[in-house]
Structure formats: C-alpha cells, structure tokens
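In what follows, a single structure is set out as structure tokens and then discussed.
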Amino acid sequence: MNLSLLRKSCIDRNIPIISVETEDFLSKVLEQHKPKVCLEIGWAVAYSSIFIANKIKERDGILYSFEISYNDYLEGIQNAWKYELKNLTVYPFDFLKIDIKKLIPNTLDFVFVDWQKSQYANYLMNIFDMLSTKSILVCDDVIKYKTKMFWLYEFLEKKQIIYDEIDTEEWDGVLLIEKGREKA
C-alpha cells in the first residue's frame with residue numbers, strides 16, 4: 001500500500017503524522033507480534049490508522065481508532081475510504097469520556113498512542129485491564145515531549161511496568177511496553 005501521496009499532503013499542510021522512522025518501527029513490531037485486536041488513540045487524518053489496518057488485515061486483524069477533532073475525523077474517514085479497509089472502526093469523540101468496553105468487546109493485543117501527550121497516563125489507565133497477557137503498547141513522541149509526560153512515567157513506576165524508550169529518530173522516539181515482562 002502506497003501512502004506517499006497522503007504523507008506528502010500532510011507535510012505540505014503541516015499536519016503532524018508519524019515519522020518515517022516510527023512507521024518503520026511499527027512495521028517491525030506488527031510483523032513480529034502479529035496482533036489481531038488493535039487500538040489507536042489519536043489518528044489525526046488517518047495516516048497511521050491506514051498504515052496499521054493495512055498491516056493487520058491479512059490475518060483478520062481489526063483496528064479501533066479514536067480522534068477528538070471532528071474535522072480531522074472527517075478528513076480521516078475520506079482518506080481511509082480511499083484504501084477500502086474494512087477492518088478499521090473509528091470513533092469521533094474523546095476516548096476518556098466513554099466506556100470503551102462497550103465499544104471494544106475484545107482484549108487488546110496492540111495499542112498505539114499518539115494523541116494529547118499530557119494524557120498518555122490517563123489513556124493507559126483507561127485500557128490497562130483490557131490488555132492481553134502479551135499486549136504491545138507503543139507511545140509516540142516520548143522523547144520530544146517528555147516534559148509533558150510526568151504522569152505517564154509515574155504510572156509506569158507505580159504499576160512497576162517495564163518499558164523501553166527507543167530512539168527512532170534524532171531528538172525523538174517511542175516508548176515500548178511489552179505486557180508480561182515483570183520487574184526482577
């Protein structure tokens with residue numbers, strides 16, 4: 001699937017999307033772990049959703065995605081429609097203000113978070129009991145916006161969650177959590 005035109009359009013309009021390096025990292029994670037039930041928190045205009053949904057469709061994977069900006073949601077729906085992905089379900093509202101278990105009845109295998117950086121801890125608290133024993137969580141932009149993520153790191157420490165910060169590009173990277181890894 002070629003997303004280069006959508007990437008170029010986003011760059012030309014200054015719409016933030018995942019970096020090429022983060023896309024490469026996600027590709028490797030999705031190929032290695034082969035998740036079936038995925039969640040994305042923050043899709044902007046659907047670039048990352050289209051990418052993830054395409055990666056998981058061959059094994060009947062499904063992606064649920066949330067976007068709070070209604071204009072971005074509408075543009076994202078148009079973008080996703082062009083790729084004819086039937087394994088993508090999107091919701092146009094604040095992920096934290098709903099009972100997510102009513103919308104996603106399954107256990108989550110993979111979560112990608114790239115939304116309001118100061119809310120990352122709240123997102124994880126909201127879904128933590130929905131994760132499978134082998135879930136993978138990836139939080140984007142954790143180096144660039146580390147000062148906004150105090151509560152995330154406090155949550156990880158309190159729950160004794162092992163994580164890795166991975167430099168995916170100069171000045172930025174992702175936080176990777178592999179559920180089931182325990183502190184020694």
Side-chain angles (χ1 to χ4, degrees), residues 3-4 6-33 35 38-56 63-69 71-73 75-76 79-80 88 90-96 100 108-128 131 135-159 161-179 181:
L3 287 169
S4 60
L6 181 54
R7 178 176 285 285
K8 182 180 180 336
S9 171
C10 290
I11 291 169
D12 290 347
R13 296 180 297 143
N14 291 319
I15 294 173
I17 59 172
I18 59 173
S19 67
V20 171
E21 296 85 359
T22 297
E23 185 175 326
D24 290 342
F25 177 80
L26 289 175
S27 180
K28 291 172 188 165
V29 168
L30 293 168
E31 287 171 17
Q32 180 181 358
H33 294 282
C38 304
L39 170 67
E40 179 182 31
I41 304 170
W43 86 331
V45 296
Y47 182 92
S48 53
S49 295
I50 294 166
F51 171 77
I52 294 168
N54 186 60
K55 283 287 191 185
I56 64 173
L63 173 65
Y64 299 93
S65 192
F66 289 83
E67 176 54 51
I68 195 170
S69 165
N71 289 337
D72 287 347
Y73 165 78
E75 182 177 342
N79 290 333
L88 175 59
V90 294
Y91 298 102
F93 39 78
D94 189 339
F95 169 82
L96 294 174
I100 190 169
L108 299 168
D109 301 316
F110 174 81
V111 178
F112 179 60
V113 182
D114 190 14
W115 210 356
Q116 299 167 338
K117 309 312 178 202
S118 63
Q119 296 297 315
Y120 277 21
N122 291 328
Y123 303 148
L124 294 186
M125 283 187 263
N126 202 29
I127 61 158
F128 207 73
L131 302 176
S135 289
I136 302 296
L137 289 92
V138 177
C139 299
D140 200 14
D141 299 320
V142 296
I143 296 171
K144 186 189 319 183
Y145 296 106
K146 193 167 193 134
T147 58
K148 294 183 176 189
M149 298 186 187
F150 171 81
W151 299 113
L152 170 64
Y153 290 98
E154 185 175 271
F155 172 77
L156 296 172
E157 183 62 32
K158 181 179 179 182
K159 291 280 193 182
I161 298 169
I162 295 174
Y163 63 89
D164 296 304
E165 278 186 1
I166 300 165
D167 295 334
T168 52
E169 58 198 282
E170 189 174 347
W171 306 110
D172 205 5
V174 298
L175 185 134
L176 174 70
I177 299 170
E178 296 178 66
K179 191 143 187 258
R181 284 175 59 189

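Being a predicted model, the structure only gives us computed values, none of them experimental.
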Exercise. Taking the side chain from R7 and the backbone from I18, do they hold a donor-acceptor pair closer than 3.5 Å?
Worked result: yes
Exercise. Would you say D164's side chain and I166's backbone share a donor-acceptor pair under 3.5 angstrom?
Worked result: no
Residue pair [X] / [Y]: nearest heavy atoms and the distance that separates them:
X: G173; Y: T168; answer: CA-OG1, 3.3 Å
X: E165; Y: V142; answer: CG-CG2, 4.4 Å
X: D72; Y: W43; answer: O-NE1, 4.1 Å
X: C38; Y: L108; answer: C-CD2, 4.4 Å
X: V45; Y: N79; answer: O-ND2, 2.9 Å
X: P35; Y: I56; answer: O-CG2, 4.0 Å

Any donor-acceptor N or O pair under 3.5 Å, side chains [X], [Y]:
X: E31; Y: S27; answer: yes
X: E178; Y: Y163; answer: no
X: S65; Y: E40; answer: yes

Seminar exercise, completed: Applying ring-ring contact (aromatic ring centres under 6.0 Å, His included) to F110 and not counting sequence neighbours gives none
How long is the straight-line distance from [atom2] of [Y] back to [atom1] of [X], given to the nearest 0.5 Å?
X: L175; Y: L137; atom1: CG; atom2: CG; answer: 9.0 Å
X: D141; Y: D172; atom1: CG; atom2: CG; answer: 4.5 Å
X: Q119; Y: L124; atom1: CD; atom2: CG; answer: 11.5 Å
X: I41; Y: E67; atom1: CD1; atom2: CD; answer: 11.5 Å
X: L152; Y: S118; atom1: CG; atom2: OG; answer: 11.0 Å
X: M125; Y: N122; atom1: CE; atom2: CG; answer: 4.5 Å

Would you say [X] and [Y] make side-chain contact, with heavy atoms under 4.5 Å?
X: E75; Y: N71; value: no
X: L63; Y: F112; value: no
X: K117; Y: D114; value: yes
X: F25; Y: L176; value: yes
X: V138; Y: V113; value: no
X: F66; Y: V90; value: no
X: V174; Y: C139; value: no
X: E154; Y: K159; value: no

For this session: Check whether the ring centres of F128 and F155 lie less than 6.0 Å apart, and answer yes or no.
Result: yes
For this session: Examine Y120 together with W151 and report whether their ring centres are nearer than 6.0 Å.
Result: no
Problem set entry | Candidate pair L3 and F51, rule side chain to side chain contact (heavy atoms under 4.5 Å, CB included), full reasoning | CA-CA 8 Å; L3 287 169; F51 171 77; 3.8 Å; yes
Problem set entry | Residue pair I68, F93: steps toward the side chain to side chain contact (heavy atoms under 4.5 Å, CB included) verdict | CA-CA 5 Å; I68 195 170; F93 39 78; over 6 Å; no
Problem set entry | Geometric class of the W115/Y123 ring pair [parallel <30°, tilted 30-60°, perpendicular >60°] | parallel
For this session: For I136 and V111, run side chain to side chain contact (heavy atoms under 4.5 Å, CB included): C-alpha distance rounded to whole Å, both residues' side-chain angles, the deciding distance at 0.1 Å, then the answer.
Result: CA-CA 6 Å; I136 302 296; V111 178; over 6 Å; no
For this session: Could you walk me through whether H33 and D109 pass the side chain to side chain contact (heavy atoms under 4.5 Å, CB included) test, one step at a time?
Result: CA-CA 9 Å; H33 294 282; D109 301 316; over 6 Å; no
Exercise. Between D24 and K28, is there a side-chain N and carboxylate O pair less than 4.0 Å apart?
Worked result: no
